[in-house]
2 protein chains.
Amino acid sequence: MNVVNESPRRKELTRLAAQLFVQEGFDRTTVRMLAQEMGIKSGSLFHHFRDKQEILAAVIEEGTQNALALARQALEECGDSADERLHAMARAHLQTLLTDRNAHVVALYEWRRLDAASRDHLSHLRDAYEELWERVIDEALEAGLIHGDRFLVSRFVMGALNWTVRWYDPEGARKPEDLAHELVAMITTSAHTPPGQSTKV
Amino acid sequence: MNVVNESPRRKELTRLAAQLFVQEGFDRTTVRMLAQEMGIKSGSLFHHFRDKQEILAAVIEEGTQNALALARQALEECGDSADERLHAMARAHLQTLLTDRNAHVVALYEWRRLDAASRDHLSHLRDAYEELWERVIDEALEAGLIHGDRFLVSRFVMGALNWTVRWYDPEGARKPEDLAHELVAMITTSAHTPPGQSTKV
DNA sequence: GGTTTACACTAGCGCTTGCTTGGTTGATCT
DNA sequence: AGATCAACCAAGCAAGCGCTAGTGTAAACC
């Protein structure tokens, strides 16, 4: 058994699994379906993963790691103003949500199918990501860019963003950057800002 | 078979099913588990429901009907101002989300497990509900209470609200009305709210 | 040149699933 | 007193499930 390593083959299989999990749901996706999609027989699957659970964990881990990396990068590359950092986070969030869409949909919908051990491990990853958000929200609060309870605001914002996977159409006219801009405009107290930056109350 | 009617017994069974579906997920909930929770044998279940799918549809229909009724009532009872109507909708939304929590969580997470026929029927119900929201959002836009794209704003708002089922703790200090107030305060351009509470820890 | 490793195969075990069948019960109605 | 009917039960079927065991094979390593 392979199981521990992160072979490129395993990564490819994980990507395919994510797609099937989205299409059918975790429980309805059988190891035989997974194997067929991967072009191998069902028994061969267990060379790459200890069991079906581990495939689910791999899918979610992959997506979350990418999101975390992208968000960190975005924060490093953007300017120092609270406004810019807020935009950067929103843009990064929506970008992963769309490029790694399958993995994130799985993380959203199938989280509870994880066994205790995987859930524990992955929730640490997720917490690390959410901490990034809360820090940026805090900065925006201090800068007077937004107002309200930091806990509630960050929850509302993440809800609004995560909900996009349910209705966003990648083929449509709206681009991820447009969504990010509109979302930030909605929550900042500085009224409607068509082109440039925003001012304060 | 019963199947068509809406006997009180069936309603009670639907309530129990909702609870189990939340606990275990639809696919993992077996008809035997459902039957045991209901104090009957698995075969008897099919006297009340044509098949397992129909139980899921019943759970979701129940929740959505209640939400629709409550929202309509809230809009009738509240004042005419855009602000009041926005508050009323948010409050009503959060109220159903909490009183009928199980049914709504099921609707959120297990929507895709519905067969085509049920999905079609139920999506009409859901559309009716979302139209209420969009109308109120439109009024708020016209009144200058909020700004932005009507489609995006209503999506963001519903996302923020629906996401609450993932983190809201009914035992905690925050009341549904507080959440509603904070949400409305966040999206309205009129800065941080004058009366009552704006921040809470 | 022999051994190890990675990856795939076939065959099938033991168990659970949604659902059906045929029949029983007890209350209500005529 | 007889008929009706919703509500339930015991038993079980056919299909499908995750996973294991054992084997084959080509490339990589010593």
Side-chain angles (χ1 to χ4, degrees), chain A residues 1-60 106 110 112-119, chain B residues 1-60 106 110 112-119:
Chain A
M1 292 218 186
N2 216 340
V3 163
V4 260
N5 84 25
E6 270 298 339
S7 67
R9 178 80 172 130
R10 182 174 148 131
K11 220 164 192 175
E12 169 68 7
L13 297 180
T14 302
R15 211 183 49 81
L16 285 168
Q19 190 189 331
L20 253 182
F21 287 163
V22 169
Q23 253 173 56
E24 308 285 334
F26 177 70
D27 289 322
R28 276 172 130 90
T29 304
T30 71
V31 293
R32 279 168 251 260
M33 292 163 65
L34 286 165
Q36 191 176 23
E37 193 78 6
M38 297 163 178
I40 57 179
K41 299 296 176 181
S42 71
S44 312
L45 234 170
F46 295 91
H47 171 74
H48 301 277
F49 303 93
R50 196 187 329 271
D51 53 26
K52 197 187 167 190
Q53 278 275 338
E54 200 181 79
I55 308 179
L56 177 60
V59 167
I60 297 182
V106 170
E110 315 286 0
R112 328 224 352 233
R113 307 298 158 244
L114 289 167
D115 55 33
S118 306
R119 192 153 50 211
Chain B
M1 293 217 187
N2 217 338
V3 164
V4 260
N5 84 24
E6 271 297 339
S7 67
R9 179 72 173 138
R10 180 173 149 132
K11 220 165 193 173
E12 169 68 7
L13 297 181
T14 302
R15 211 183 49 80
L16 285 168
Q19 190 189 332
L20 253 182
F21 287 163
V22 169
Q23 253 172 57
E24 308 284 334
F26 176 70
D27 289 323
R28 290 222 158 152
T29 305
T30 70
V31 293
R32 278 168 251 262
M33 291 163 67
L34 286 165
Q36 190 177 25
E37 194 77 8
M38 297 163 178
I40 59 179
K41 298 297 176 181
S42 70
S44 312
L45 235 171
F46 296 90
H47 171 74
H48 300 277
F49 303 92
R50 197 189 325 275
D51 51 28
K52 198 188 167 190
Q53 279 274 339
E54 200 181 80
I55 308 179
L56 177 60
V59 167
I60 298 183
V106 170
E110 315 285 2
R112 330 227 347 236
R113 307 297 158 245
L114 288 167
D115 56 33
S118 306
R119 193 153 48 211

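Note that the structure is a prediction, hence the values are computed from the model and not measured. In what follows, chains carry the letters A, B, and so on, assigned in the order in which the sequence lines appear, proteins first and then strands, with residues in each chain numbered from 1.
- At a threshold of 4.0 angstrom between heavy atoms, the contacts of B:K41 are confined to the sugar-phosphate backbone, with no base atom among them.
- Distance B:F46 CZ to D:dA6 P: 19 Å, rounded to the nearest Å.
- Across C:dC19, D:dC8, D:dT20, the shortest atom-to-atom separation from the side chain of B:S42 is found for C:dC19.
- Residue A:R9 places at least one side-chain N or O under 4.0 Å from the OP1 or OP2 atom of C:dA8.
- Residues passing the side chain to side chain donor-acceptor pair (under 3.5 Å) test with A:R9: none are found, sequence neighbours excluded.
- To the nearest 0.5 Å, the span separating CG on B:D115 from CG on B:L56 amounts to 8.5 Å.
- Within the 3.5 Å criterion, the main-chain N or O of B:H48 finds a donor-acceptor partner in the side chain of B:R10.
- For D:dC9, one of the phosphate oxygens OP1 or OP2 lies less than 4.0 angstrom from a side-chain nitrogen or oxygen of B:S44.
- Checking B:L34, B:T14, B:T29 one by one against B:I55, the side-chain contact (heavy atoms from CB on, under 4.5 Å) holds for a single residue, B:L34.
- Taking side-chain N and O atoms only, A:H47 has a distance below 4.0 Å to OP1 or OP2 of C:dC7.
- In this model, the phosphate group of D:dC8 is approached by a side-chain N or O of B:H48 to a distance below 4.0 Å at OP1 or OP2.
- One atom, CG of A:L45, and another, P of D:dT20, lie 12 Å apart when rounded to the nearest Å.
- As a whole-Å value, the separation of B:E54 CD from C:dC19 C1' is 14 Å.
- To the nearest 0.5 Å, atoms CG (B:L45) and CE (B:M38) are separated by 5.0 Å.
- Going from atom CE of B:M38 over to atom P of D:dC9 covers 12 Å, rounded to whole Å.
- Atom CZ of B:F49 is separated from atom C1' of C:dG18 by 15 Å (rounded to the nearest Å).
- A heavy atom lying under 4.0 Å from DNA chain C marks the following residues of residues 24-34 of chain B, by number: B:T29, B:T30, B:V31, B:R32.
- Atom CD of B:E12 and atom C1' of D:dA6 are 17 Å apart (whole Å).
- The distance between atom CD of A:Q36 and atom C1' of C:dC9, rounded to the nearest whole Å, is 16 Å.
- At the phosphate of D:dG18, OP1 or OP2 sits under 4.0 Å from a side-chain N or O atom of A:K52.
- In this structure, CG of A:D51 is placed 9 Å from C1' of D:dG18, rounded to the nearest angstrom.
- Of the possible polar contacts, one joining the B:Q53 side chain to the B:R113 backbone as a donor-acceptor pair under 3.5 Å is found.
- Put simply, the side chain of B:R112 gets close to the backbone of A:V22: a donor and an acceptor are under 3.5 Å apart.
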